[in-house]
Number of protein chains: 2
Amino acid sequence: MAATIRDVARASGVHVSTVSRTFSAPHLVNPETRNRVLAIAEDLGYRPNRAARALTTGRTHNLGLIVADISNPFFPPLIKAAQAHARLRDYHVFVADTDEDPQVEEELIQTLTKQVDGVLLCSPRLSNRAIEKLGEDVPFVVVNRRLKGMSTVLMDVGNGARLAIEHLMTLGHRRIALLAGPAGSWTSREMSDAARAMDGIELSILGPNSPTEHGGLAAADAVLAADVTAVLAYNDLMAIGLVEGLDERGVEVPGRISVVGVDDIVPGRLTRPKLTTVAMPTEAAGRTAVDLLLQLVGAGETATPALATLATHLIIRDSTGPVPP
Amino acid sequence: MAATIRDVARASGVHVSTVSRTFSAPHLVNPETRNRVLAIAEDLGYRPNRAARALTTGRTHNLGLIVADISNPFFPPLIKAAQAHARLRDYHVFVADTDEDPQVEEELIQTLTKQVDGVLLCSPRLSNRAIEKLGEDVPFVVVNRRLKGMSTVLMDVGNGARLAIEHLMTLGHRRIALLAGPAGSWTSREMSDAARAMDGIELSILGPNSPTEHGGLAAADAVLAADVTAVLAYNDLMAIGLVEGLDERGVEVPGRISVVGVDDIVPGRLTRPKLTTVAMPTEAAGRTAVDLLLQLVGAGETATPALATLATHLIIRDSTGPVPP
DNA sequence: GGAAGTTCTGCAACCGGTTGCATGAAACAT
DNA sequence: ATGTTTCATGCAACCGGTTGCAGAACTTCC
């Protein structure tokens, strides 16, 4: 069995409270005693039990990270960054996948609540009301969704869409389609709002569509029917699917139609043509979310929700080119 | 503040122990009392505190999952499956990324130990000795590494390599290259052992190589110099890189050279040509690992390590074709 | 009608820490 | 020499549960 604080106390002839303080408030104990205790603790392989500590302090030093789908290539970099960032601050993180199911999401949050100091919700599927309700029990930071009264991390896809369209305009494109995402998506709405606000282009909005490779593939005919020279897709998976669909129909990318995606997921760098895309700051989002969350945790009841908007940028690769003559 | 067991006890006029039993040993309490307690608990929004429970029972109902790199596309499906499987058994899982650093790995295991009932180590970078040492403190299951005396989940890449080569032979290929992975890799060794044991082919082993897209790209010249008609790569990333490198040199895949990868990661399904590959049962590995781990946890000290070997299979797509005339 | 079981509930100690308060000793001020 | 601080440590209650033991109430059996 692992050594406990009492084993250390016995072995070093001091009271358990002294051992406790040696670890959690070292300045309160005589350097001499402290060193002796530390030496013996080291010797016994003692490590404080975080769960036990949490019981009295109310701080578990754990975070929860809830995502809709771990294997969606968009999330792993975020998870990785969040986890690494948390570790530097001496926090461990529970990662849970809801499988896009709001019910699972809710249950997960509820069972996790007691074990964590805060929860990171990425692209939640739960209703606003449900989230607000759950937010009473545990601090939240929401990523990729606007929620009043909650700390939020957003990625500026509106500006990303603008950058993409400007890039297309520079290449001479004027008739541009926006391949929209799922109906309720905040991201999708941001993109179309931004696109609609741009002057000098003729915009067709196609969709809603399923945000998958298949969704893009299925939209190929609609794109052709729209008679455009360039397409901005809701995400890279759709863009990849679209390129594939166009290819099947003998339409060259970017020869006849230019395609821009959003996300900058790994596969986009590996397909041919390599995808021009709006890069989402996923790592930064993970780190920022952890920062906001710990800030919230530290502030206790007095916490004020913060909003972080992170910049996106355009990565120009090979799926965009000059408008054909 | 969230309701505790004492709040429920007070509100329902019974002793805390009765409330406790209502949740952890329902058959010991009178159905009438039980229902009353349950109703009041529900009313108060009471949920047992797992950390507190762990203190007395010694079971945290948490698992640790340690991987070298979350954003390596190979891992997310495994993480997802493991997490989902664990959830069904009422376990939460800490996910930690070591960034390929053995030191971080060790530290992570040590700090996690007290908070989990067991740890899943995926493709560990730690020395065998270190792992065995740490294994004294907490049950382990190791994925993708052979370790005596420890529960292990392996994927049968040897047979995968055989299947791939047989497929190539059916297509008429005889001069085949194996693009090896990193020097110390168990997987790489399994593959080359299997390939060497096959009759009727002329095998060139090229490498070791970095197991990345870049590693594959950089190997293009070596492949051409080897004068082969087909290549089996250590993993999909390398295969994709190789296809790219060959393309740059005007060599058609599969027209002049066929390429087979290993892993079946998402990008391989999206590149063109779509990659023929040996699918690794990553989801099954995640589930199996959790099963073995919980088995170990349940057995306590008397646990006997188990070894699971999972079958791989070949997925034929577009990067392999008949040997050119 | 009393002994022997059952079934249910309460009591209290315990898990591994933390922390407010009390105490004793040493250091300083007067 | 005395009073006042400061410093280091011990004491004991507490965090939110679990569990062995004991006893009360109720059955069952002879």
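The sequence lines fix the lettering, A, B, ..., with proteins before strands; numbering per chain opens at 1.
Among residue pairs with one or both ends in residues 30-41 of chain A, none qualify as side-chain hydrogen bond (donor to acceptor under 3.5 Å, both in side chains); sequence neighbours excluded. Each ring pair (Phe, Tyr, Trp, His ring centres under 6.0 Å) pair with one or both residues in residues 78-111 of chain B, not counting sequence neighbours, appears once here: A/His92-B/Phe94, A/Phe94-B/His92, A/Phe94-B/Phe94, B/His61-B/Tyr91. Applying the ring pair (Phe, Tyr, Trp, His ring centres under 6.0 Å) rule to pairs touching residues 118-150 of chain A yields nothing, sequence neighbours excluded.
With rounding to whole Å, A/Lys114 atom NZ is found 13 Å from D/dC15 atom C1'. Atom pair A/Glu32:CD and D/dA8:P shows a separation of 11 Å (rounding to whole Å applied). Between the CZ atom of B/Arg59 and the P atom of C/dC15 there is a distance of 17 Å, rounded to whole Å. D/dC15 atom C1' lies 18 Å from atom CZ of A/Arg50, rounded to whole Å. In this structure, CZ of A/Arg34 is placed 12 Å from C1' of D/dA8, rounded to the nearest angstrom.
Applying the salt bridge (Lys or Arg N to Asp or Glu O under 4.0 Å) criterion to B/Asp137, with sequence neighbours excluded, gives no partner residue. Under the side-chain hydrogen bond (donor to acceptor under 3.5 Å, both in side chains) criterion, A/Lys80 pairs with B/Asp69, B/Asp97, B/Asp99, not counting sequence neighbours. With sequence neighbours excluded, the residues satisfying salt bridge (Lys or Arg N to Asp or Glu O under 4.0 Å) with A/Asp291 are A/Arg89. Residues passing the side-chain hydrogen bond (donor to acceptor under 3.5 Å, both in side chains) test with B/Arg50, sequence neighbours excluded: B/Asp90. For A/Asp156, there are no salt bridge (Lys or Arg N to Asp or Glu O under 4.0 Å) partners, not counting sequence neighbours. By the side-chain hydrogen bond (donor to acceptor under 3.5 Å, both in side chains) test, A/Arg145 is found to be paired with A/Asn128, residues two or more places apart in sequence or in another chain being considered.
A donor-acceptor contact shorter than 3.5 Å links the side chain of A/Thr113 to the backbone of A/Ile109.
At a threshold of 4.0 angstrom between heavy atoms, the contacts of A/Arg47 are confined to the sugar-phosphate backbone, with no base atom among them.
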Could you list, one pair per line, each protein nitrogen or oxygen that sits under 3.5 Å from a nitrogen or oxygen of nucleotides 18-25 of chain D, together with the distance?
{"from": "D/dT18", "atom 1": "OP1", "to": "B/Arg53", "atom 2": "NE", "distance (Å)": "2.4"}
{"from": "D/dT18", "atom 1": "OP1", "to": "B/Arg53", "atom 2": "NH2", "distance (Å)": "3.2"}
{"from": "D/dT18", "atom 1": "OP2", "to": "B/Ser20", "atom 2": "OG", "distance (Å)": "2.4"}
{"from": "D/dT18", "atom 1": "O4'", "to": "B/Thr56", "atom 2": "OG1", "distance (Å)": "2.9"}
{"from": "D/dG20", "atom 1": "O6", "to": "B/Arg21", "atom 2": "NH1", "distance (Å)": "3.4"}

Could you write out each protein N or O paired with an N or O of nucleotides 4-8 of chain C at a distance under 3.5 Å?
none

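With the end axes of the helix from C/dG1-D/dC30 to C/dT30-D/dA1 each set by five pairs, the angle from one to the other reads 40° at 10° resolution.
Remark: the B/Asn49 side chain and the A/Gln115 side chain contain no N/O donor-acceptor pair separated by less than 3.5 Å.
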